[in-house]
Chemist: 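I am attaching a structure below and will ask some questions about it afterwards.
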Amino acid sequence: MRQPGQPMALNVKPLPSIILIDPVEESRDVLAERLKMQGFAVTAFPNPAEGAHAALSSPPAAVIADLWMPSISGVQLCRLLKAEPATEHVPVVLRGPEAHRNRFWAERAGASAYVVKGRMGDLVRALARSITSSAAEDGFFCQLATETMDIRDRIASHLDTALFESVIASDIRALSLCGAFDRLFDLFTQFMCQIVNYRWLVLSTEKPFRFGLHTHPAGRESAEPEARAALGIPAEAPCILIEDEDALNDPVGVAPEVVPVRFVDTVLGRLALAPLVPLDAKDTQLISVIAREIAGPVRMATLVEEAQRLATVDPLTGLMNRRAFLSSLDLEFERSMRLGYPVSLIMLDVDHFKHINDQRGHASGDNVLAAMGKLLAHNARRVDLVARWGGEEFIVLLAATEGENARAAAERLRGEVAAMVVGDAEGEPVAVTASLGLAVRGASESAQDLIDRADRAMYAAKSQGRNRVVVAMALQAERLPARPVQATGT
């Protein structure tokens with residue numbers, strides 16, 4: 001209780017402390033007085049190094065500095081203060097002439113505001129907003145020894161780090177031109193092994209799923225299970241494997257570092273690497289920068305691959321379209337001629353497809369075509385080519401197959417089509433059969449000639465009663481009638 005005559009104790013809130021850096025004495029003194037009149041405790045410095053030293057030694061509520069100053073610019077000063085733990089939350093207000101590029105540089109340096117010189121009201125409002133939004137001071141700061149601290153060395157160190165990260169980001173962004181994930185991953189591993197040592201490295205994506213692993217050839221047996229376990233990737237998931245001696249040949253090391261690969265707010269996948277020894281703070285920061293920058297090339301590769309897929313895949317059946325098939329057929333013909341193995345071709349047409357559309361509706365017809373796509377894809381070998389030729393017609397290339405083996409494959413396919421259960425738009429079953437024409441490529445026969453013979457053989461199958469296979473042997477080619485122009489869906 002206050003005794004009579006005892007003065008009343010006042011709970012006076014300390015004034016917000018401001019460090020003002022202005023190389024021009026006249027303007028510095030005027031601005032300092034104006035800020036004191038506005039309720040700030042101001043300490044003014046003519047030299048940016050002295051001002052930075054004071055801020056790092058005893059962090060203020062805010063720092064005001066010119067954007068362009070001799071020896072140390074406001075951009076460099078701002079980067080230094082934002083990089084140091086003692087001042088990372090101290091708002092920095094930069095001042096200078098009116099220019100868009102000045103605001104740009106101030107923003108990129110991390111300044112809380114940029115104010116045109118001479119606009120006192122704007123400066124006071126910017127200070128009020130910055131101090132209010134910054135973290136509350138808790139009295140803790142890092143006291144720096146005067147004799148051991150060189151502000152210019154610190155700034156140079158931070159600028160070197162920023163330059164290094166900028167070069168890293170530039171090199172990684174250049175990978176956006178790869179166009180395909182497997183090529184992107186190959187080039188990415190060549191880049192990564194130049195800047196960090198690891199036993200294995202993984203770049204994975206979620207949609208679509210891709211799992212790229214880089215490891216030493218001698219360490220694959222241990223690296224792949226370890227990588228799958230670290231990222232929760234099942235053993236049966238396919239792997240894009242890069243093996244070379246750029247990765248370390250050490251089966252044992254520390255736990256892998258796993259970081260998300262984010263594009264804006266979307267997680268595209270993960271970057272993981274298994275170092276031999278624990279990563280230091282700089283390496284950990286570097287991995288985060290790399291994970292951030294690789295997101296753009298990953299996104300670009302995904303978009304390119306999706307565009308290529310849409311350009312080559314029939315959307316209803318999921319099979320190759322006609323254009324993609326013809327392109328792949330030319331390559332397969334060149335391969336068969338070089339290696340001397342046979343090639344057979346099946347043309348397949350759904351019987352009475354027009355009747356299905358007319359009686360059951362086009363949605364039912366789409367169900368039939370989609371089911372045909374799944375059946376053909378399921379029955380095809382990895383070396384075969386399957387495509388929707390157009391309408392209700394499909395085409396299958398049987399690699400390294402001829403004679404009875406080709407005929408047996410066609411008969412098996414015909415039987416599976418006939419046994420297929422397809423529901424119409426109402427869920428009622430639709431009976432489906434197909435007519436097939438089979439042609440075995442003759443010596444030096446062109447792709448178009450083989451397609452024509454298989455097509456005529458398919459028409460012969462329809463003419464002979466449908467739901468059957470007709471084989472166009474090389475010697476029978478001239479006896480098969482030309483296919484007449486007819487309505488689709490027969």
Side-chain angles (χ1 to χ4, degrees), residues 180 207-210 238 302 304-333 335-336 343-354 356-357 362-401 406 409-425 430 432-439 441 447-448 450-455 457-459 461-462 467 469 483 488-490:
K207 296 180 181 179
F209 172 80
R210 289 168 298 200
T302 300
V304 170
E305 289 178 340
E306 179 64 12
Q308 292 174 342
R309 188 190 70 81
L310 293 176
T312 59
V313 174
D314 174 65
L316 180 58
T317 64
L319 302 176
M320 281 192 295
N321 59 25
R322 184 170 184 158
R323 179 179 179 181
F325 179 86
L326 289 174
S327 178
S328 299
L329 183 63
D330 289 339
L331 295 176
E332 188 60 32
F333 263 46
R335 190 179 295 114
S336 70
V343 169
S344 297
L345 196 69
I346 298 174
M347 289 288 291
L348 178 153
D349 185 274
V350 178
D351 294 330
H352 302 297
F353 187 73
K354 185 175 184 300
I356 295 173
N357 274 337
H362 288 278
S364 300
D366 288 347
N367 288 350
V368 171
L369 295 177
M372 285 292 300
K374 291 181 180 179
L375 184 146
L376 292 173
H378 176 74
N379 281 272
R381 303 169 300 175
R382 294 185 62 181
V383 295
D384 296 336
L385 301 176
V386 185
R388 183 182 179 188
W389 190 244
E392 69 278 12
E393 293 182 356
F394 298 84
I395 190 167
V396 180
L397 177 84
L398 302 175
T401 308
E411 285 288 356
R412 182 170 59 254
L413 186 57
R414 182 204 60 77
E416 294 208 13
V417 172
M420 185 172 59
V421 178
V422 184
D424 64 8
V430 179
V432 181
T433 61
S435 300
L436 291 79
L438 170 65
R441 182 183 181 228
Q448 190 57 55
L450 182 62
I451 292 172
D452 289 343
R453 291 199 299 113
D455 185 66
M458 180 189 71
Y459 171 69
K462 299 184 79 69
N467 189 25
V469 175
R483 179 182 181 184
T488 184
T490 57

Chemist: Taking atom OG of S327 and atom CD of E332, what is their separation to the nearest 0.5 Å?
Modeler: 12.0 Å
Chemist: Would a 4.5 Å heavy-atom cut-off, applied to side chains only, mark M320 and V386 as touching?
Modeler: no
Chemist: Roughly how far apart are L348 CG and M458 CE, rounded to 0.5 Å?
Modeler: 8.0 Å
Chemist: Just grab all the salt bridge (Lys or Arg N to Asp or Glu O under 4.0 Å) pairs involving residues 311-323, residues at least two apart or on different chains.
Modeler: D314-R388
Chemist: About how many Å separate CD1 of I451 and CZ of F325, when rounded to the nearest 0.5 Å?
Modeler: 6.0 Å
Chemist: Using every non-hydrogen atom in the two residues, find where A447 and L329 come nearest and quote the distance to one decimal.
Modeler: CB-CD2, 3.7 Å
Chemist: To the nearest 0.5 angstrom, please state how far the CZ atom of F353 sits from the CD atom of E393.
Modeler: 11.5 Å
Chemist: Which heavy atom in D351 sits nearest to a heavy atom in S435, and how many Å separate them?
Modeler: OD1-OG, 2.7 Å
Chemist: Got a second to check how far S344's OG is from L398's CG, nearest 0.5 Å?
Modeler: 5.5 Å
Chemist: If every non-hydrogen atom of V343 is compared with every non-hydrogen atom of L450, which pair is closest and at what distance?
Modeler: CG1-CD2, 4.5 Å
Chemist: Do you know the tightest heavy-atom contact between A454 and A439?
Modeler: N-CB, 3.8 Å
Chemist: Step by step, work out the side-chain contact (heavy atoms from CB on, under 4.5 Å) result for V432 and V350.
Modeler: CA-CA 7 Å; V432 181; V350 178; 4.1 Å; yes
Chemist: Specify the closest pair of heavy atoms between T317 and L369, including all atoms of both residues, with the distance to one decimal.
Modeler: CG2-O, 3.4 Å
Chemist: Is a donor on one side and an acceptor on the other found under 3.5 Å between the side chain of N321 and the backbone of A311?
Modeler: yes
Chemist: Ignoring hydrogens and angles, tell me if any N or O in the side chain of T433 forms a donor-acceptor pair with the backbone of N467 under 3.5 Å.
Modeler: no
Chemist: Could you state the interatomic distance from CG (L438) to CG (L413), rounded to the nearest 0.5 Å?
Modeler: 11.0 Å
Chemist: Apply salt bridge (charged side-chain N to carboxylate O under 4.0 Å, His left out) to K207 and E306, showing your working.
Modeler: CA-CA 11 Å; K207 296 180 181 179; E306 179 64 12; over 6 Å; no
Chemist: Checking R210 against T302 for the side-chain hydrogen bond (donor to acceptor under 3.5 Å, both in side chains) test, could you report, in this order, the C-alpha distance in whole Å, the side-chain angles of both residues, the deciding distance, and whether it holds?
Modeler: CA-CA 10 Å; R210 289 168 298 200; T302 300; 2.5 Å; yes
Chemist: Just jot down the side-chain hydrogen bond (donor to acceptor under 3.5 Å, both in side chains) partners of R381, sequence neighbours excluded, or say none.
Modeler: D384, T401
Chemist: Between V422 and A371, what is the shortest heavy-atom contact and its length?
Modeler: CG2-CB, 3.7 Å
Chemist: Passes side-chain contact (heavy atoms from CB on, under 4.5 Å), L375 versus V417? Steps please.
Modeler: CA-CA 8 Å; L375 184 146; V417 172; 4.1 Å; yes
